[in-house]
Amino acid sequence: MSLTNWRRMEAVFSAAFLLCFLVTSGVHGDSLTILQAPEFVSFQKGDWPVSGEKIPDLVALTMGFSVQEDLSWPGLKAGPLFQRPRANVLVVVRGVDSLDLPQSVASYPLENPVPFTLDSVAETVHSLFAEDTPVVLQLAPSEERLYMLGKANAVFEDLPVTLQQIRARLSQDGSVLASLPLNSLSRNVEADLLFLSEVQVLHDITALLLRHKHLAKDHSPDLYSLELSGLEELSRVYGQDSPQYRDATAILASVLQKFAEDVYGLYSNSAVVEVVTVKSFEAPLTRKSRSILESKQISNPGSPYNLAYKYNFHYAVVFNIVLWLMIALALAVITVSYNLWNMDPGYDSIIYRMTNQKIRMD
């Protein structure tokens with residue numbers, strides 16, 4: 001091989017190696033980051049991917065609830081049976097695939113980023129702790145979507161939820177504009193105000209929880225679900241290489257880190273705080289309106305074939321409990337009847353002593 005060909009091959013291999021290095025080190029996918037978690041909720045560090053549609057099941061498992069399908073994911077270990085976190089906070093950040101959160105517990109790649117909600121977890125919390133009226137808050141400021149349940153109606157009564165209310169809150173005393181380094185962000189641009197409004201909501205939630213510290217000491221777990229899309233709007237308006245987008249990303253990472261620490265401390269180090277960063281969802285979210293207090297229909301209308309009712313996932317558990325209890329009771333009755341039938345009254349039976357004394361007296 002001539003020297004010229006050897007140099008050409010060396011140049012090709014060098015370029016290929018450099019390209020592979022850039023691809024592997026510079027491209028990051030969507031991620032799930034655990035910012036805070038108590039010691040009894042054990043997250044293992046690794047690169048195990050988790051599907052977006054399994055996020056509600058993961059949240060339910062961290063709160064100690066059962067799910068319909070087993071989550072075969074090695075990132076979460078089974079914890080103590082009689083310990084559950086007092087709160088779970090899930091923050092979904094749209095418009096960015098990852099944030100610089102160095103003080104996190106663990107981080108995992110996110111696959112199949114489909115839209116999801118925590119409605120099933122909220123229904124489980126309400127059904128199990130209806131008497132304790134736990135705090136359930138689901139909020140998306142950009143869409144002005146709000147759902148509150150239980151004590152959240154009293155705690156977050158003063159929380160600004162519409163964009164008009166949040167922007168009015170930004171002009172009041174104690175807003176985040178006085179403490180944040182805005183740098184390239186402007187107070188007069190619509191996209192910038194949307195992002196700053198979401199940061200203000202995070203600040204107000206922690207402020208209201210500080211005002212109602214007693215809620216973090218009850219026995220019912222609380223659930224928070226927040227969806228932030230300010231970075232997505234900044235990316236659409238300015239682009240991801242703009243200084244506005246970079247400054248907003250740094251601000252949001254710092255605010256989320258502080259938000260997680262505050263919530264974790266309010267719940268006496270017994271809260272799980274997760275952050276899901278997703279560039280864009282693969283399918284639009286169609287949210288069906290429902291009331292969490294409405295009763296489920298027991299009948300089976302609309303079935304012209306007289307089909308049986310569909311069993312839920314509790315059926316196997318109840319069936320086994322009833323079956324083995326009946327078998328145990330049947331065996332107990334048979335054993336007692338056999339021993340009574342074959343009992344010898346000539347030893348120490350009270351029946352023999354009483355009847356024998358009566359015979360002697362006669």
Side-chain angles (χ1 to χ4, degrees), residues 30-37 52 55-56 58-60 62-63 85-96 99 101 104 110 113 115-122 125 134-153 155-163 165-166 169-170 176 193-210 212 215-216 221-234 248-249 251-264 266-267 271-278 281 285 287:
D30 303 329
S31 62
L32 165 67
T33 304
I34 311 299
L35 284 183
Q36 297 288 347
I55 296 295
L58 179 61
V59 172
T62 58
M63 300 184 72
R86 294 182 178 178
N88 190 291
V89 183
L90 176 66
V91 182
V92 179
V93 181
R94 291 162 45 185
V96 62
L99 290 172
L101 302 168
S104 61
L110 185 67
F116 60 87
T117 63
L118 298 185
D119 292 345
S120 59
V121 186
V125 172
V135 176
V136 177
L137 174 66
Q138 299 185 55
L139 177 62
S142 63
E143 301 178 5
E144 298 186 354
R145 174 159 46 90
L146 172 68
Y147 178 74
M148 294 190 297
L149 181 67
K151 297 177 182 177
N153 293 287
V155 176
F156 302 107
E157 181 180 4
D158 299 330
L159 181 68
V161 292
T162 64
L163 293 178
Q165 293 175 348
I166 301 174
R169 174 70 179 88
L170 287 173
V176 295
L193 281 176
L194 174 61
F195 170 76
L196 295 173
S197 299
E198 295 176 343
V199 176
Q200 183 65 51
V201 168
L202 295 176
H203 178 270
D204 290 342
I205 288 176
T206 54
L208 291 173
L209 287 177
L210 281 171
H212 300 82
L215 296 178
D222 301 332
L223 179 66
Y224 303 86
S225 175
L226 309 173
E227 184 175 333
L228 311 178
S229 60
L231 284 180
E232 188 177 38
E233 184 66 17
L234 289 175
T249 303
I251 290 174
L252 184 60
S254 176
V255 169
L256 286 177
Q257 198 81 60
K258 181 68 166 53
F259 174 76
E261 293 174 358
D262 292 342
V263 174
Y264 188 69
L266 282 171
Y267 282 93
V272 181
V273 182
E274 307 105 338
V275 174
V276 174
T277 54
V278 56
F281 286 118
L285 175 62
R287 184 184 181 91

Could you go through Leu252 and Leu228, starting from their C-alpha distance and side-chain angles, then the distance that decides it, and tell me whether this counts as side chain to side chain contact (heavy atoms under 4.5 Å, CB included)?
CA-CA 10 Å; Leu252 184 60; Leu228 311 178; 4.1 Å; yes
Ile205 meets the side chain to side chain contact (heavy atoms under 4.5 Å, CB included) criterion, sequence neighbours left out, with Leu137, Phe156, Leu159, Val201, Leu209, Leu226, Phe259
How would you list, by chain and number, every residue that makes a side-chain hydrogen bond (donor to acceptor under 3.5 Å, both in side chains) with Asn88, sequence neighbours excluded?
Thr62, Glu274
Can you check whether Phe281 reaches Val92 side chain to side chain, under 4.5 Å on heavy atoms?
yes
Ser229 side chain to Glu232 backbone, donor-acceptor under 3.5 Å:
no
So Leu163 and Leu193, do their side chains get closer than 4.5 Å, heavy atoms only?
no
Is there a side-chain contact between Tyr147 and Thr117 in this structure, where contact means two heavy atoms from C-beta onward sitting under 4.5 Å apart?
no
Full working for side chain to side chain contact (heavy atoms under 4.5 Å, CB included) between Val273 and Leu256
CA-CA 10 Å; Val273 182; Leu256 286 177; over 6 Å; no
Over all atoms of both residues, closest heavy-atom pair of Pro221 and Pro134:
O-CB, 3.2 Å
Sequence neighbours left out, what passes side chain to side chain contact (heavy atoms under 4.5 Å, CB included) with Ser225? Give chain and number order.
Leu118, Gln138
Excluding sequence neighbours, so at least two apart, what forms side chain to side chain contact (heavy atoms under 4.5 Å, CB included) with Ser31?
Thr33, Ser98, Ser107, Thr277
Suppose we screen for salt bridge (Lys or Arg N to Asp or Glu O under 4.0 Å). Which residues come up paired with Glu261, at least two apart in sequence or across chains?
none
CG of Leu234 to OG1 of Thr249: how many Å apart, nearest 0.5 Å?
8.0 Å
In the structure I gave you, are the side-chain heavy atoms of Glu227 and Arg145 within less than 4.5 Å of one another anywhere?
yes
Taking every non-hydrogen atom, the tightest pair across Leu231 and Ala248
CD2-CB, 3.6 Å
Under a 4.5 Å cut-off applied to non-hydrogen side-chain atoms, are Ser120 and Pro56 in contact?
yes
Do any N or O atoms from the side chain of Glu233 and from the backbone of Phe195 form a donor-acceptor pair under 3.5 angstrom?
no
At what distance, to the nearest 0.5 angstrom, does CD1 of Ile34 lie from CG of Leu58?
6.5 Å
Given the rule in the side chain to side chain contact (heavy atoms under 4.5 Å, CB included) test, do Val176 and Val255 qualify, once you have shown the distances and angles that lead to the verdict?
CA-CA 10 Å; Val176 295; Val255 169; over 6 Å; no
Minimal non-hydrogen separation, Leu266 against Thr206, with atom names:
CD1-O, 4.2 Å
Considering all heavy atoms of both residues, which atom of Pro160 and which atom of Ile166 are nearest to each other, and what is their separation?
O-CG1, 3.6 Å
Please name all residues satisfying salt bridge (Lys or Arg N to Asp or Glu O under 4.0 Å) with Arg169, sequence neighbours left out, ordered by chain then number.
Asp204
How long is the straight-line distance from CD of Gln165 back to CD of Gln200, given to the nearest 0.5 Å?
12.5 Å
Inter-residue atom distance His203.NE2 - Leu208.CG, 0.5 Å rounding
10.0 Å
Side chains of Val135 and Tyr224: closer than 4.5 Å at any heavy-atom pair?
yes
Tyr264 backbone acceptor or donor facing Gln36 side chain under 3.5 Å
no
